[in-house]
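Every heavy atom of this structure was used, including side-chain atoms; hydrogens, water molecules and symmetry mates were not.
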Amino acid sequence: MKKKNFLLHSKFKSLILTVMAFLIYGAFVSAQADSLAIDEQNAETGTTVSFTVSVNSAPNSVTSLGLDITYDPAVLNFKGYKKSSLANRFTFFDANEISSGRIRIGGFISGNNIIAAGETGDLVVLTFQVVDCVNSNLQITELKDDVSGWNSKSGLLNCEMNGCPNDPDKTEPGECGCGVPDTDSDGDGTPDCNDECPDDADKTEAGECGCGTADTDSDDDGIPDCSDNCPNDSDKTEPGVCGCGIPDTDSDNDGTPDCNDNCPNDPDKIEPGVCGCGAPDTDVNNDGIPDCNDLCPDDPDKTEPGECGCGTPDIDTDKDGTLDCNDNCPNDPKKTEPGNCGCGAVDVDSDNDGTPDCNDDDADGNGIKDVQEVDDGVDLDNDGVSDNFQDGMKAVRTADGLKQIGLKGDTNVHEVNTLEYISPDTIPDTAGKPYELPFGLIDFKFQVVDSEEMASVVVYFSEAVPAQAKWYKYDSKGWYDYSDHADFSDDRKSVTLTMMDKDIGDDDGEINGFIRDPSGPGYNEKPQPPVDEGNNDSSDDSLNRDDDGGGSGGCFISASFN
């Protein structure tokens, strides 16, 4: 009795160990699951193949992401992408080939429809052309933002080179197809699978006389001699009324045998008449020219096709020397093709940048988007010269058109290249963002004279900046206070910014002779009336960032500025 209890106890203990091993193994597998994965596809050279990038049980919620897909450009040629269900939630989402063999995918979600932790679904479908039949991997690299640190699974292209993978005797279908041998028993050049007489070297079809009997047709009339009572008359197989050698046919079925019909192929005539056999003496369009002599018998306005052909008049509506039938802009005397801008619109490129004005957001090439241009009467620096006509000065208006901002080089500035107003609402990163940005942000670029010297520019405003406002920058480090390098004027209608190439204030991170600066005035208190004297106090360091600061969207918005 004790021995039996001992055996039961051992079995129970073994069962517990088995269950524990299963649970530990399952937890290990779950922990190692691939959160981002590319599927596996089979394809042949010259075909189009699509790979799906999917999210599997997201380890954490996602509001922004960035990643690269690398592949062999000698095997695959990137054709484009299509967003799937998860990507459709993104406020911004894009996938671009940034270099040969590398696709960069990025996006952010500004609303509440985020990718929740534990969620599974498809993100994007990438389409390629197979240019070489080689098995190849697609790798997921450079995971950033909310997908940083996620496990990933590579995609695989299986190139199919065997035309008969299930036939051990063939690698190509041949004439009979996979699974059927191309045997030619009678050696006549036609394999048995297509030969109705596989043992008759002179026939591949039974014909009228059957296999083994030649279907000789002495008169080549299509009837073999064994069935032809007029074997030497190609027009008859029976003697008929007229005998062999004389056909009893009525080709045009007009009741007169051909031997007695001078127009044997014309059912309306037995004599040639005026126009000859096969041509009725009619004038269908009643233009006075018989159809047999009218090259446009259905067009009463033409007897010759001309340039446009019958039924189409040879007219030139816009009188540009090109007939309407060959003119894709028949009502535009200056164009015969729509071009980039369409009929009725001239393809002018005012700034000679290679983009026509109709598609160019800066048609005059002055470094300011056309929709942000200010009126010629704006003079923000009050020097009596319109900002639009002043060298070294650029001015833009805010999105609501109620305010203007100007930028002018001060010291060590060779040229102000661009100035653009940016709405703060387009920046999803809110960590450290000021309570209010009364003038939004400006993104400008200027060229310095000497990269080893400090440079300064003056920013002008159409109205005074609130006294409590400080100067904030937003770049790859996120939001931070830049007031130590910003000196407001007494009337708070201008500020002088100091910066240096690849140093303070320069967002491009390179010593290249240019300084890039997305920034603007902001504050974290309710607005106060402007004061007479400037307030450059930047003692409030609550929003300052060290070199490693920045919100989750910093690197993304910095990339969009570039």
Trainee: Below 4.0 angstrom, N of the basic side chain to O of the carboxylate: do Asp517 and Lys473 qualify?
Mentor: yes
Trainee: Could you tell me the separation between the CZ atom of Arg397 and the CD1 atom of Ile368, rounded to the nearest 0.5 Å?
Mentor: 11.5 Å
Trainee: Would you mind writing out the side-chain donor-acceptor pairs for residues 126-138 within the sub-3.5 Å range, not counting sequence neighbours?
Mentor:
from   : atom 1 : to     : atom 2 : distance (Å)
Thr127 : OG1    : Ser50  : OG     : 3.2
Gln129 : OE1    : Thr48  : OG1    : 3.1
Gln129 : NE2    : Gly46  : O      : 2.7
Asn135 : OD1    : Cys159 : N      : 2.7

Trainee: Enter the distance from Ser462:OG to Ile405:CD1 here, rounded to the nearest 0.5 Å.
Mentor: 7.5 Å
Trainee: Using 0.5 Å steps for rounding, measure from the NZ atom of Lys369 to the CG atom of Leu419.
Mentor: 11.5 Å
Trainee: Do Asp381 and Lys408 meet the salt-bridge criterion of a basic N to acidic O distance under 4.0 Å?
Mentor: yes
Trainee: Identify whether NZ of Lys or CZ of Arg in Lys445 sits under 6.0 Å from the centre of the six-membered ring of Phe514 and within 45° of that ring's axis.
Mentor: yes
Trainee: State the CD-CZ distance between Glu40 and Phe51, to the nearest 0.5 angstrom.
Mentor: 8.5 Å
Trainee: Let's go through Tyr474 and Trp479 carefully: what are the C-alpha distance in whole Å and the side-chain angles of both, what is the deciding distance for ring pair (Phe, Tyr, Trp, His ring centres under 6.0 Å) to 0.1 Å, and is it a yes or a no?
Mentor: CA-CA 5 Å; Tyr474 181 78; Trp479 294 97; 4.7 Å; yes
Trainee: Is the closest basic N to carboxylate O distance between Asp387 and Lys394 below 4.0 Å?
Mentor: no
Trainee: Is the distance between the ring centroids of Tyr472 and Tyr480 under 6.0 Å?
Mentor: no
Trainee: Answer yes or no: is there an ion pair linking Lys302 with Asp314, defined by an N-O contact shorter than 4.0 Å?
Mentor: yes
Trainee: Between Asn42 and Asn158, do the side chains contain a donor N or O and an acceptor N or O under 3.5 Å apart?
Mentor: yes
Trainee: What pairs of donor and acceptor atoms, side-chain ones from residues 102-111 against any protein atom, are under 3.5 angstrom apart with sequence neighbours left out?
Mentor:
from   : atom 1 : to    : atom 2 : distance (Å)
Arg102 : NH1    : Asp68 : OD2    : 2.8
Arg104 : NE     : Asp68 : OD1    : 2.9
Arg104 : NH2    : Asp68 : OD2    : 3.0
Ser110 : OG     : Thr91 : OG1    : 2.7

